[in-house]
Amino acid sequence: MPNGTRCVAAAMPDAPLTCLDFWCQAGSSSEQPGEEGIAHFLEHMVFKGSHRLAAGAFDEAIEALGGSSNAATGFDDVHFHVLIPPDRAAEALDLLLELVLQPALDPQGFSTERDVVLEEIAQYADQPTEQVLQSILSLGCGDHAYGRPILGRVATLNAMEPSLMRRFHQRRYLGPNCTLALAGPAPETLKPAIAASALADLPGDRNKPSSHQPLPLMLHAGRHTQRVDRLESARILMLWTTAPAHNQDAVMGADLATTLLGEGRRSRLVERLREELQLVESISMDLTALEEGSLITLEVICPEDALPAVEQEINAVLHQVADEAVSEQELRRGYQLVSNSLRYSLESVGHVTGLCASHVLWNRNQDLLSPLNHLSQWSAERLQTELFPALLPEKACVLIARPGANQ
Amino acid sequence: MSSALDILVEPLASPGVMAAKLWLPFGSACDARDQRGAHDLLASLLSRGCGPYNPKELADVVEGCGAGLRCDAQEDGLLLSLRSTLEDAEQLLPLLGWMVLEPHLAPDQVALEKNLTLQMLQRQREDPFHMAAVAWRGLAFNDGGYGHDPMGVEQDLQNIERQQILPLAQQLPSGRSVLSLAGCLPADIEHRIRAMDGFRGWPQASAEWNAGRLNYGTPAGERIHLESMDTEQVVLMLGQATVPHGHPDDLVLRLLQCHLGVGMSSLLFRRLREEHGVAYEVAVHYPQLMGPAPFVLLAATGMERAELSLQLLLQSWDELCQTTLSQADLTLARAKFIGQLAQARQTCSQRAERRVQLRAMGLRDDHDQSCMEAIASITVDRIQETCQRWFQKPQLSLCGPPESLETLERVWAKRHP
């Protein structure tokens with residue numbers, strides 16, 4: 001659109017529903033000091049009504065049309081989506097954009113919704129697994145936004161006013177920062193509705209330099225031990241940073257590497273630690289592709305008395321793949337798992353809009369399957385020389401969490 | 001005589017992928033009273049070696065195709081799930097047959113899975129939602145088949161050995177099983193599958209086999225359970241065992257579930273979150289079961305506001321019997337019900353699972369379409385009558401800090417002296 005907003009559509013002729021998915025570069029990493037948690041809090045406040053829609057009117061209208069809505073805030077971006085019967089999509093689009101682009105931020109609603117966010121924080125605090133994960137992000141990412149809880153902290157949230165949130169909204173919800181993705185039976189029929197929608201009224205601000213100055217993501221390697229109350233099994237978490245999402249070649253390599261190491265019974269870590277030595281209840285690796293640097297995590301759940309042996313074996317496996325190339329059979333298995341995982345995710349309209357929008361929002365205009373083209377560039381030798389050496393234990397931030405009272 | 005295996009096929013446009021679901025009528029509700037967790041253990045063993053493949057070879061075949069294969073024990077049955085691309089389907093489908101007819105159940109794999117399950121059961125004690133749910137099952141179903149989590153109970157699992165698992169495995173082919181395939185499928189698969197390796201030996205339906213009526217359980221004497229845990233929030237679960245999926249009152253309760261707990265326009269969401277801000281998580285749990293399904297209101301709330309939350313939940317529950325819904329609420333609930341059905345038909349896996357479920361429960365293939373028509377004739381008076389029939393004796397499970405539990409117990413005691 002002239003104001004820099006981008007729209008992307010995927011036709012899925014047999015889908016029973018249409019998904020409308022509005023994305024904005026307004027995740028927690030775009031918060032400034034004193035705003036920590038505001039991106040997520042705003043996501044809640046959006047549903048409390050707009051200039052035209054009273055609190056609750058949006059939900060009722062969408063659900064009366066047979067639709068549903070939800071939203072999610074990440075480190076880099078936030079998105080609001082509606083699933084709706086295709087013949088009601090134009091009405092839903094109008095409601096969604098009104099809600100997201102013109103939030104009322106009413107003081108009374110602000111105060112009540114803050115209580116809800118504080119309950120959400122309490123709910124996370126009651127899950128030891130979540131606490132441990134947040135701990136390693138804080139330890140490994142330091143002052144970078146990826147080390148902060150997306151939900152924010154109680155004191156900061158309690159000090160917030162609607163005016164601060166209004167300024168955040170005005171600063172981030174600009175045309176060039178926004179993307180609308182559609183998937184469903186006939187998304188092209190919505191083109192006139194989009195052209196006439198509130199999206200066109202978003203400020204362009206194209207020439208203004210971005211106020212968002214990301215810190216480079218630097219991993220704080222090291223080994224830490226914590227006692228965590230109410231933990232029933234011990235955990236080992238390891239964190240590495242890798243290339244940002246726009247470096248698709250490196251990200252696909254990292255996806256392949258984590259798959260070879262930690263996905264499925266025949267992966268190196270699962271086979272050795274769970275199947276052969278039977279030291280752990282579970283061991284898995286995960287890649288989170290992010291715009292300022294992606295994160296690779298390894299999570300182990302095991303009995304406390306197995307911790308020393310588990311750590312030793314993980315170290316041995318990680319060194320082994322850096323020393324010797326993986327076999328061709330393993331590599332083929334990895335290619336299949338990574339590529340099919342992407343194919344399976346293309347079945348539902350919500351997944352498709354999510355993939356489309358995140359690519360377009362961050363200026364990666366490409367086919368959904370095109371990241372797979374990078375896979376074949378990752379030979380066993382290239383993985384061994386370029387990737388596995390970066391995943392050695394001494395290059396990680398490591399957290400050993402033991403059951404017991406916090407100290 | 002017909003085969004004991006029903007096969008359902010639904011070709012669908014998909015990104016070159018298919019899903020297969022095989023349902024066997026032996027779930028955790030069939031666990032013997034002192035072997036709670038036996039069927040879940042059996043389920044986890046089926047993908048650890050079967051037919052011509054040892055555990056490693058089986059994992060190689062599945063993962064080498066980038067496919068997914070799992071088996072889960074649910075309350076009413078075991079559900080085997082396969083997800084693959086069209087190109088690999090013919091190679092992988094026989095695995096489902098072998099898992100049922102020729103599982104290896106090797107002693108070392110039994111020991112490994114048992115150990116993993118015991119560790120998982122221990123870890124679940126970290127989760128206050130899980131603890132509240134387990135306790136609610138105990139209140140509603142006592143020592144009946146629905147009275148325990150499908151994963152089992154630690155003290156029983158400790159004593160389950162391979163010799164207890166073998167007879168359970170042997171009976172798997174004897175029940176009326178259902179296989180459903182959906183997605184991009186190999187040509188003529190419906191007719192060829194019975195001749196495939198793995199499925200060739202599937203027995204004929206036995207006239208003797210009769211699922212019979214299981215003892216799902218009846219309420220314990222107690223109506224409240226307090227689970228003390230040093231958490232910030234209290235988890236509250238208030239509800240009652242009701243009816244099986246497809247029962248004449250089931251559709252009314254599904255509409256009520258939509259009214260109370262589906263979406264941001266739902267009563268619990270508006271009342272607890274929007275009006276009072278006392279909870280983040282609110283929901284209505286009403287699973288689709290062959291026996292008396294729980295209908296449970298759920299909320300998690302901070303200590304200082306737990307009393308208000310409980311009162312709001314109780315108020316919401318009482319209103320169901322005492323007042324009729326407004327026509328506007330009923331209209332909205334109907335729209336949400338139809339929307340829910342559409343959302344549950346998005347992927348091959350969802351479609352295959354729903355078809356298997358309907359067939360296994362003895363419901364017509366067009367049950368969902370019939371329900372969409374039938375909801376038009378459900379009146380607010382009928383909803384109230386149904387609530388009066390099923391919502392007279394709710395049970396309350398609480399998990400959270402002890403000081404909060406004491407306060408909440410007093411609130412409950414005033415109501416149920």
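In what follows, chains carry the letters A, B, and so on, assigned in the order in which the sequence lines appear, proteins first and then strands, with residues in each chain numbered from 1.
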query: Does a salt bridge link B:Lys56 with A:Glu275, judged by any charged N lying under 4.0 Å from a carboxylate O?
result: no

field: Worked check of side chain to side chain contact (heavy atoms under 4.5 Å, CB included) between A:Ser69 and B:Met264
entry: CA-CA 8 Å; A:Ser69 58; B:Met264 290 188 254; 3.4 Å; yes

statement: Closest non-hydrogen contact found for B:Pro15 with A:Glu347 is CD-CG, 3.8 Å

Residue pair B:Tyr280 / A:Val116: nearest heavy atoms and the distance that separates them: CB-O, 3.8 Å

field: Exercise: identify the closest heavy-atom pair between A:Glu119 and B:Gly302
entry: OE1-N, 2.8 Å

field: A:Glu276 portion near chain B, given a 4.5 angstrom heavy-atom threshold
entry: side chain

message: For B:Glu275, which atoms come within 4.5 Å of any heavy atom of chain A: side chain, backbone, both, or neither?
response: backbone

- prompt: What part of B:Ile338 is in contact with chain A, defined as an atom under 4.5 angstrom from a non-hydrogen atom: side chain, backbone, both or neither?
  reply: neither

query: Under a 4.5 Å heavy-atom cut-off, does chain A meet the side chain of B:Val262, its backbone, both or neither?
result: backbone

task: Counting only heavy atoms closer than 4.5 Å, note whether A:Glu263 contacts chain B via side chain, backbone, both or neither.
output: backbone

query: Which atoms of A:Asp14 come close to chain B, meaning under 4.5 Å heavy atom to heavy atom: side chain ones, backbone ones, both, or neither?
result: side chain

message: Heavy-atom pairs under 4.5 Å with chain A - which of B:Val235, B:Leu116, B:Leu272 has more of them than the others?
response: B:Leu116

- request: Determine yes or no for a side-chain-to-main-chain donor-acceptor pair under 3.5 angstrom, with A:Asp115 supplying the side chain and B:Gly277 the backbone.
  value: no

field: NZ/NE/NH1/NH2 to OD/OE distance under 4.0 Å, A:Arg235 and B:Glu126
entry: yes

message: Under 4.5 Å from any heavy atom of chain A, what part of B:Val62 do you find: side chain, backbone, both or neither?
response: neither

- line: When rounded to the nearest 0.5 Å, the distance separating OG1 of B:Thr347 from CG of A:Leu346 is 12.5 Å

Region of B:Ser309 in contact with chain A, defined by heavy-atom distances below 4.5 Å: neither

- prompt: Is a side-chain donor or acceptor of B:Gln122 paired with a backbone partner of A:Glu232 at a separation under 3.5 angstrom?
  reply: yes

field: Donor-acceptor contact present, side-chain A:Tyr344 to main-chain B:Arg83, <3.5 Å
entry: yes

message: Set out, in order, the CA-CA distance, both residues' side-chain angles and the distance that settles side chain to side chain contact (heavy atoms under 4.5 Å, CB included) for A:Arg265 and B:Ser47, then state yes or no.
response: CA-CA 11 Å; A:Arg265 287 181 186 159; B:Ser47 62; 3.5 Å; yes

query: Tell me, side chain or backbone of B:Glu57 under 4.5 Å from chain A's heavy atoms, or both, or neither?
result: neither

query: By a 4.5 Å heavy-atom criterion (distance strictly below it), what part of A:His351 contacts chain B: side chain, backbone, both, or neither?
result: neither

statement: Pair count under 4.5 Å, heavy atoms only, with chain B: among A:Arg274, A:Arg332, A:Gln329, highest is A:Arg274

task: Against chain A, label B:Arg305 side chain, backbone, both or neither, depending on which of its atoms sit under 4.5 Å from a heavy atom there.
output: side chain

statement: If one checks every heavy atom of A:Arg114 against chain B at 4.5 Å, the contacting part turns out to be neither

message: If you count heavy atoms of other groups shown closer than 6.0 angstrom to CD of B:Glu10, is the number above 12?
response: yes

- prompt: In terms of heavy-atom proximity below 4.5 Å to chain B, should A:Glu281 be classed as side chain, backbone, both, or neither?
  reply: both

message: Please classify the contact between B:Cys348 and chain A as side chain, backbone, both or neither, with a heavy-atom cut-off of under 4.5 Å.
response: both

- prompt: Which bit of A:Gln108 comes within less than 4.5 Å of chain B, counting heavy atoms only: side chain, backbone, both or neither?
  reply: neither

Interface residue of largest heavy-atom contact number with chain B, from A:Met12, A:Glu120, A:Arg333, under 4.5 Å: A:Glu120

message: If we define contacts as heavy-atom pairs under 4.5 Å, which of A:Gln336, A:His44, A:Glu271, A:Arg266 has the most with chain B?
response: A:Arg266

Any side-chain heavy-atom pair of B:Gln119 and A:Ile301 under 4.5 Å: no

task: Write down the atom of A:Gln123, the atom of B:Ala300, and the distance for their closest heavy-atom approach.
output: OE1-CB, 4.1 Å

- prompt: Atom CD of A:Gln278 and atom CG of B:Asp108: how far apart are they, to the nearest 0.5 Å?
  reply: 7.5 Å

statement: Residue from B:Leu12, B:Leu112, B:Asp88, B:Leu332 scoring the most non-hydrogen pairs under 4.5 Å with chain A is B:Leu112

message: Between B:Gln233, B:Glu232, B:Arg273, who has the most heavy-atom pairs with chain A when the cutoff is under 4.5 Å?
response: B:Gln233

field: Stepwise side chain to side chain contact (heavy atoms under 4.5 Å, CB included) check, B:Arg125 with A:Arg230
entry: CA-CA 9 Å; B:Arg125 292 204 294 256; A:Arg230 293 188 38 251; over 6 Å; no

field: Contact summary for A:Glu63 and B:Ser266, nearest pair of heavy atoms
entry: OE1-N, 4.4 Å

statement: Counting heavy-atom pairs under 4.5 angstrom with chain A, the leader among B:Gly183, B:Gly263, B:Ala19, B:Ser84 is B:Ser84

query: For chain A, which of B:Ser349, B:Gly400, B:Ala335 has the most heavy-atom pairs under 4.5 Å?
result: B:Ala335

field: Under 4.5 Å from any heavy atom of chain B - which part of A:Pro13
entry: neither

query: A:Leu231 versus chain B, heavy atoms under 4.5 Å apart: side chain, backbone, both or neither?
result: both

query: Among B:Gln343, B:Arg334, B:Arg345, which has the most heavy-atom pairs under 4.5 Å with chain A?
result: B:Gln343

message: Counting only non-hydrogen atoms closer than 4.5 Å, does A:Leu17 touch chain B with its backbone (N, CA, C, O), its side chain (CB onward), both, or neither?
response: side chain

field: Nearest-0.5 Å distance that lies between atom NZ in B:Lys336 and atom CD in A:Glu60
entry: 8.5 Å

- request: Please state whether the side chain, the backbone, both or neither of B:Ala279 comes within less than 4.5 Å of a heavy atom of chain A.
  value: backbone

message: Using heavy-atom distances under 4.5 Å, tell me whether B:Arg123 contacts chain A through its side chain, its backbone, both, or neither.
response: both

field: Under 4.5 Å from any heavy atom of chain B - which part of A:Ala15
entry: neither

task: Under 4.5 Å heavy-atom distance to chain B, tell me which part of A:Val349 shows up: side chain, backbone, both or neither.
output: both

message: Which heavy atom of A:Leu83 sits nearest to which heavy atom of B:Gln346, and what is that distance?
response: CD1-NE2, 4.3 Å

- prompt: Taking atom CG of A:Leu337 and atom CD of B:Glu63, what is their separation to the nearest 0.5 Å?
  reply: 6.0 Å

task: Measure the shortest side-chain to side-chain distance between A:Gln127 and B:Phe129 over non-hydrogen atoms and say whether it is less than 4.5 angstrom.
output: yes

